[in-house]
Number of protein chains: 2
Amino acid sequence: MARRRKEDALETRERILDAAIEVFHKRGVSRPSLTEIAELAGVTRGAVYGHFQNKADLFIALTDRIQLPDESLCQAPLHGGCDPLGELRKRSLFLFREVMNDEQYRRVFEIILMRCELVTENGEILKRCTESHAEGDRRLRKLVEAAITAGQLPEDLDPNIAVPILHGSVIGLLNDWLINPAYDLVEVGTRQVDALLEMLQSSPHLKRSGTLQAPASA
Amino acid sequence: MARRRKEDALETRERILDAAIEVFHKRGVSRPSLTEIAELAGVTRGAVYGHFQNKADLFIALTDRIQLPDESLCQAPLHGGCDPLGELRKRSLFLFREVMNDEQYRRVFEIILMRCELVTENGEILKRCTESHAEGDRRLRKLVEAAITAGQLPEDLDPNIAVPILHGSVIGLLNDWLINPAYDLVEVGTRQVDALLEMLQSSPHLKRSGTLQAPASA
DNA sequence: ATTTAAATACATTCATGCATGAATATCAAT
DNA sequence: ATTGATATTCATGCATGAATGTATTTAAAT
């Protein structure tokens, strides 16, 4: 074939990306050839190489279109800070809703989560995953500490305990649901977050005293 | 080279398996060739084909040596049933301890979790993952229901809510820790489980009334 | 006329799986 | 204990196929 208009070229690019999502989602990232993706997109391999350097580059372009859960959960630097817990709740529910309702988002996320190999050869996405995870923890910690300062959480709550539990529970529910979406994620998620926040306020098992823990200075 | 004694042959097999763990853990399952694994094991590809049919077969042999978290979490059909909550607690802590202390176990688990592609071409491991997940949910539900019957949890606790939250939280913490093992999993895990069980007993957000939910018949 | 999207053709690389062969372990028979 | 036959582990070499990346060509848009 021959040259298309600029708009057509962009559309071709999108078609390739969509085809790649479908193929990667069904067969993983490593196995399928570019031929397979090209054919599903209705073009030849030449077109793919015209838009992307190689499969890794195509994969990166795909993942750039979505936010990872940790990125979505902990984006802005908690504006204002008047209601940290409300902020946390809002963001969690937003994430649950987005994952549940946006099919395309979900499929890309499923590819990253369980249909690609997080190794150095996939440097870009590996980096994003680990860094967003770490950054998520950091932001979550700030939220929790702000909540303590604001009086929304008890003084003697141990962030070293609360943060990983909170993070693991929310992200864990999300991942679980992706594996087996047998329930209403938004409803269960809402209840989870509410119950967890309540738990942070009241549970003696999350206090600093329990086991020896580096006592927060100041 | 030539034939070895039976024991030597078994040792060769083990060496190949260990080499495969190392290679898969570092570079993922799909990329490395059998040559790479053989060389690390100090043999040639011929030896690998002598012990395993192909890479997929080798990978299966690897994963057969460990239990998945859900398998470990929900093995026996809850013997006796006098103390369901204690049973649940015990199993969770056992899992946390095992993952934290057994390096080999952990590496294989990390391969399954984030260094292989869970697609139909990897049928065996995909099946194990999805089935153990489902079975884990089923067993967890039985435990929760038994706990309600035994009076350890409130009558109006909604298992449809409690089970996914419990499962997601525990498995989520485990997965989180594997990504970034920056804390003591056993300590945080213990506190998490204790706080969660407490939460199940007291939180109004996990009751049946909240939103319309299929009322458990009888 | 020139530029560019996309097809086509081609060379190269590489992993796989198998067939073959070497050399020792194992065991039965003496 | 020695010998001989057999089985078995592992190395080697080869044929095959497939995917990749690039170079070249085509033909339309500007």
Practice problem: Using a 4.0 Å heavy-atom cut-off across all strands, classify Gly50(A) as base, sugar-phosphate, or nothing. | Solution: nothing
Exercise. May I ask you to decide if Glu98(B)'s main-chain N or O and Asp102(B)'s side chain share a donor-acceptor pair within less than 3.5 Å?
Key: no
Quiz item: Rounded to the nearest Å, what distance is computed from the CG atom of residue Asn54(A) to the P atom of nucleotide dT22(D)?
Solution: 9 Å
Self-check item: Of Ser30(B) and His51(A), the one whose closest DNA chain C nucleotide lies more 5'
Solution: His51(A)
Practice problem: Would you sort out whether Arg128(A) and Glu124(A) count as a salt bridge (charged side-chain N to carboxylate O under 4.0 Å, His left out), showing the intermediate values? | Solution: CA-CA 6 Å; Arg128(A) 261 186 84 188; Glu124(A) 304 263 349; over 6 Å; no
Quiz prompt | Length of the CD-P vector between Glu11(A) and dT4(C), whole Å | solution = 21 Å
Quiz item: Reading nucleotides 10-15 of chain C 5' to 3', which nucleotides get B (base under 4.0 Å from a protein heavy atom), which S (sugar-phosphate only), which -?
Solution: -----S
Quiz item: To the nearest angstrom, how far is Arg15(B) atom CZ from dT9(D) atom P?
Solution: 15 Å
Self-check item: For atom CD of Glu36(B) and atom C1' of dT16(C), their distance in whole Å
Solution: 15 Å
Quiz item: Is the phosphate of dA6(C), meaning OP1 or OP2, less than 4.0 Å from a side-chain N or O of Thr12(A)?
Solution: yes
Quiz prompt | Asn101(A) and Arg106(A): side chain donor to acceptor below 3.5 Å | solution = no
Quiz prompt | Polar side chain donor-acceptor pair, Glu117(B) to Ser30(A), under 3.5 angstrom | solution = yes
Quiz item: Asp70(A) and side-chain hydrogen bond (donor to acceptor under 3.5 Å, both in side chains): which partner among His167(A), His133(A), Arg139(A)?
Solution: His167(A)
Quiz item: So, the side chain of Thr63(B) versus the backbone of Ile60(B): is there a donor-acceptor pair under 3.5 Å, distance only?
Solution: yes
Exercise. Could you tell me the separation between the OH atom of Tyr49(A) and the C1' atom of dG21(D), rounded to a whole number of Å?
Key: 5 Å
Practice problem: Take the protein atom CD of Glu39(A) and the nucleotide atom P of dT8(C), then report the distance between them rounded to whole Å. | Solution: 11 Å
Quiz item: Taking atom P of dA6(C) as reference, at what distance in whole Å does atom CZ of Phe52(A) sit?
Solution: 11 Å
